[in-house]
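Take a look at the structure set out below.
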Amino acid sequence: QDSVFFAPKNEHEADTASRLTQIRELNYSFLDSIHTYGSSLYRLMQRLIDGLARLQAAAKAGKIPPTVARHTSRFALALALATLGRMGYTGFNRALQQRRQRLLWQALLRQPLLMPLPPSVPGTGLRAAL
């Protein structure tokens with residue numbers, strides 16, 4: 001009986017491996033979120049800069065008055081800042097919600113079952129009712 005199969009199990013190693021897997025999955029999720037937010041932020045800024053450049057070109061060409069170009073560019077910058085703030089707020093709320101859910105599940109899984117399950121009695125239940 002010197003086989004490794006019959007050796008006592010080391011639960012600490014299993015917990016560590018499970019924890020490392022959780023950290024790795026959390027890391028992947030975090031990196032995916034950063035990539036998604038970064039891509040959308042880059043597209044937003046690129047569109048904003050392109051729009052501001054067109055406004056400036058139109059003002060220089062005399063197609064629109066300079067005051068209209070100034071007011072429009074200020075409005076576009078304010079809108080971009082509001083969008084960035086909204087993205088940050090949404091990301092923060094999502095992170096808080098995920099943390100609350102994780103803590104709730106951890107608390108629920110740590111506690112014993114509050115109400116014992118009723119024993120199964122032959123001849124009762126759904127099949128007996130049919």
(request) Would you mind listing the cluster partners of Leu96? Hydrophobic ones only (ILVMFWY), side-chain contacts under 4.5 Å, chaining allowed. (result) Phe92
(request) Could you identify which residues cluster with Ile34, counting Ile, Leu, Val, Met, Phe, Trp and Tyr as linked when any side-chain heavy atoms lie under 4.5 Å apart, either directly or through a chain of such contacts? (result) Phe30
(message) Applying side-chain contact (heavy atoms from CB on, under 4.5 Å), can you list everything that pairs with Ala95, at least two apart in sequence or on another chain?
(response) none
(request) Check whether Ile49 and Leu77 end up in the same hydrophobic cluster, where Ile, Leu, Val, Met, Phe, Trp and Tyr are linked by side-chain heavy atoms less than 4.5 Å apart. (result)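 Different clusters: Ile49 never reaches Leu77 through Ile, Leu, Val, Met, Phe, Trp or Tyr contacts under 4.5 Å.
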(request) Determine, using the 4.5 Å side-chain heavy-atom cutoff (strictly less than), whether Leu52 and Ile64 are members of one ILVMFWY cluster. (result)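 Both belong to a single hydrophobic cluster.
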Would you mind reporting whether [Y] and [X] have side-chain heavy atoms less than 4.5 Å apart?
X	Y	answer
Thr67	Arg70	yes
Leu55	Val68	no
Leu84	Met45	yes

(message) Main chain of Ala69, side chain of Thr72: is a donor-acceptor contact present, judged purely on distance under 3.5 Å?
(response)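 Checking the backbone N and O of Ala69 against the side chain of Thr72, no donor-acceptor pair under 3.5 Å is found.
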(request) Without swapping roles, check the side chain of Ser29 against the backbone of Glu25 for a donor-acceptor pair under 3.5 Å. (result) no
Who passes side chain to side chain donor-acceptor pair (under 3.5 Å) against [X], sequence neighbours left out?
X	answer
Asn27	none
Tyr42	none
Arg47	none

(message) Hydrogens and angles aside, do Tyr89 and Asn93 bring a side-chain donor and acceptor to less than 3.5 Å of each other?
(response)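 Indeed, the side chains of Tyr89 and Asn93 share at least one donor-acceptor pair under 3.5 Å.
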